[in-house]
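Note that the coordinates shown come from a computational prediction; the quantities given were computed from them, not determined experimentally.
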There are 2 protein chains.
Amino acid sequence: MAIKVFIVDDHYMVVEGIRSLLQNEKNVEWTGHAMNADSCLAFLRQQQPDIILMDINLPDKSGIDLCKEVKEAYPQIFIIGLSTFNQQSFIQKMMDNGASGYVLKNATQQELMEAIEMVVKGKTYLSDEVSRSLRRNEDDTIPVLTRREKEVLVLIAEGMTNNEIAEKIFISASTVDTHRKNLLAKMPARNTAELVKLAFQHKFIKLDDK
Amino acid sequence: MAIKVFIVDDHYMVVEGIRSLLQNEKNVEWTGHAMNADSCLAFLRQQQPDIILMDINLPDKSGIDLCKEVKEAYPQIFIIGLSTFNQQSFIQKMMDNGASGYVLKNATQQELMEAIEMVVKGKTYLSDEVSRSLRRNEDDTIPVLTRREKEVLVLIAEGMTNNEIAEKIFISASTVDTHRKNLLAKMPARNTAELVKLAFQHKFIKLDDK
DNA sequence: AGTAAAATCATGGAAAAAGGGGAGAAGACC
DNA sequence: GGTCTTCTCCCCTTTTTCCATGATTTTACT
């Protein structure tokens, strides 16, 4: 029985690459691909693969969120995260949301097959490179920010002062200051500059195509 | 006469994808690929393709720098930038360094072929999406920072104060302050927070796999 | 040798953030 | 009912940044 594999990635070239890597594997069945989260969910309502290879960055929502939704609705499907970046914060978030593995886009055919075969057995697969960098800074966990804190954080990065933020979201400047202090403590950062840097590194602010 | 195409990309899946997209094109000849800048340059000493598809992010040096080097040594080779991100700053830097086109990794086979055929004639190709986003903010050019300014910028993002930076790089705090002011004026940012944000967006600070 | 850009240093004052503390209200959870 | 988290608000002091302005030395290029 071939393993049914589905891909969610908005990069046509990557989808083609994976298809080409997997087409000669006889115990793998290519069931299709989606370019965004919505059409992935639509596909799953029709049929369910054994494994989904899921990009972290999707146009409509992050793979991290999609991973959670898929796992809630279809717990039997195993998900392997797919990304260009070997970044601890992504990987951790992805695994926290139920992914069973994480493969970089520079993985070889062999690595990809190892991952698929291992994950389908219910085990966890992390490529050497990934697990090494996870161990390297295993203390570096992602801080948990509240709704309001995230909101204030992005406004800070926009260059707004406490007073401006206060006016914008209709709270007093003191409250903004409190949120700011909590952010500095949680991240943890020594000042605004480092706070913004960490916000980028932990993906609280996106480096998108604006 | 088939167009000789060479790829420089460290993502195996992308290389495979492009190979698969081009293999049925009879007026395109696949001459090989390199996974980093060094082996690309080594290849070029042996033979020269007509076109290089070049990823922006390479492990040893940025595609932006590689583009410049290749164009200096082999001006007859046309280079098409390749990236996941539709980001104005990358694109501009790449074109400034002699690239003839820019294609996103979500491009279709058709778009890729259009790009190759157009560029080989000496014209410039930018995908619709890219040129649209270039026009959208054509005023938004990348600031030119001096060596010292870049140096101070990354230290600021590390969370260091003027005094700390001054001690670290053996100049007075006043000088650091001057650099800081020039940075704020050049970027342009209203304060440190926005400065760090723009530093990320313009790739003066890298969001890499630390 | 001459010029332009970059790097260096400074003063003084206004604005904002950092760091310390305390405290009440609303909701979720057990 | 009690506990926890979140969100809200305030006071005070110190540190740091922001802004304006001006100036000298070093380096790079023609």
Inset, instruction - For A:Phe43, enumerate each residue passing the ring-ring contact (aromatic ring centres under 6.0 Å, His included) test, keeping only those at least two apart in sequence or located in another chain. - result: A:Phe6

Legend entry - Partner set under ring-ring contact (aromatic ring centres under 6.0 Å, His included) for B:Phe200, not counting sequence neighbours: A:Phe200

Inset, instruction - Specify the residues of residues 159-167 of chain B, ordered by number, for which at least one heavy atom lies under 4.0 angstrom from an atom of DNA chain C. - result: none

I need the [X] [atom1] to [Y] [atom2] distance, nearest 0.5 Å.
| X | Y | atom1 | atom2 | value |
| --- | --- | --- | --- | --- |
| A:Asp55 | A:Lys105 | CG | NZ | 3.5 Å |
| A:Ile91 | A:Asp96 | CD1 | CG | 11.5 Å |
| B:Asn97 | B:Met95 | CG | CE | 11.0 Å |
| B:Leu66 | B:Leu44 | CG | CG | 8.0 Å |

Partners passing salt bridge (Lys or Arg N to Asp or Glu O under 4.0 Å) against [X] (at least two apart in sequence or in another chain):
| X | result |
| --- | --- |
| A:Lys168 | none |
| A:Glu111 | none |
| A:Lys197 | B:Glu158 |

Legend entry - Heavy-atom pair of closest approach, residues A:Met187 and A:Phe204: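 Reported closest heavy-atom pair: CE-CD1, 4.0 Å.
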
Inset, instruction - List the atom of B:Ala199, the atom of B:Leu153, and the distance in Å for their closest heavy-atom pair. - result: CB-CD2, 3.8 Å

Legend entry - Pairing residues for B:Ala173 by the side-chain contact (heavy atoms from CB on, under 4.5 Å) criterion, not counting sequence neighbours: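 Result, side-chain contact (heavy atoms from CB on, under 4.5 Å) vs B:Ala173: B:Asn163, B:Ala166.
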
Inset, instruction - Apply side-chain contact (heavy atoms from CB on, under 4.5 Å) to A:Pro59 and list each qualifying residue two or more places apart in sequence or on a separate chain. - result: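 Checked A:Pro59 against side-chain contact (heavy atoms from CB on, under 4.5 Å); matches are A:Asp10, A:Asn36.
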
Legend entry - Note, A:Thr124 side chain near A:Met118 side chain (heavy atom, < 4.5 Å):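 No, their side chains stay 4.5 Å or more apart.
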
Legend entry - Within-4.5 Å side-chain heavy-atom neighbours: A:Glu29 and A:Asp50: no

How many whole angstroms separate atom [atom1] of [X] from atom [atom2] of [N]?
| X | N | atom1 | atom2 | value |
| --- | --- | --- | --- | --- |
| B:Arg180 | D:dA20 | CZ | P | 16 Å |
| B:Ile156 | D:dT17 | CD1 | P | 8 Å |
| B:Met187 | D:dT17 | CE | C1' | 17 Å |

Dump every N/O contact between nucleotides 7-11 of chain D and the protein below 3.5 Å, one line per pair.
residue : atom : partner  : partner atom : Å
D:dC7   : OP1  : A:Arg148 : N            : 3.2
D:dC7   : OP2  : A:Thr146 : OG1          : 2.3
D:dT8   : OP1  : A:Arg148 : NE           : 3.3
D:dT8   : OP1  : A:Arg148 : NH2          : 2.9
D:dT8   : OP2  : A:Arg148 : NE           : 2.9
D:dT8   : OP2  : A:His179 : NE2          : 3.1
D:dC9   : OP2  : A:Ser172 : N            : 2.6
D:dC9   : OP2  : A:Thr175 : OG1          : 2.8
D:dC9   : O5'  : A:Thr175 : OG1          : 3.3
D:dC9   : N4   : A:Thr178 : OG1          : 2.9
D:dC10  : OP2  : A:Ser172 : OG           : 3.4
D:dC10  : OP2  : A:Ser174 : OG           : 3.4

Legend entry - For chain B, the stretch of DNA chain C it reaches, first to last nucleotide, under 4.0 Å of its heavy atoms: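 Reading along DNA chain C, I get C:dA6 to C:dA10.
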
Under 3.5 Å, which N/O atoms of the protein pair with N/O atoms of nucleotides 24-29 of chain D?
none

Inset, instruction - Mind grabbing the angle between the end helix axes of the helix from C:dA1-D:dT30 to C:dC30-D:dG1? Five pairs an end, 10° rounding. - result: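 About 70° separates the two local helix axes.
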
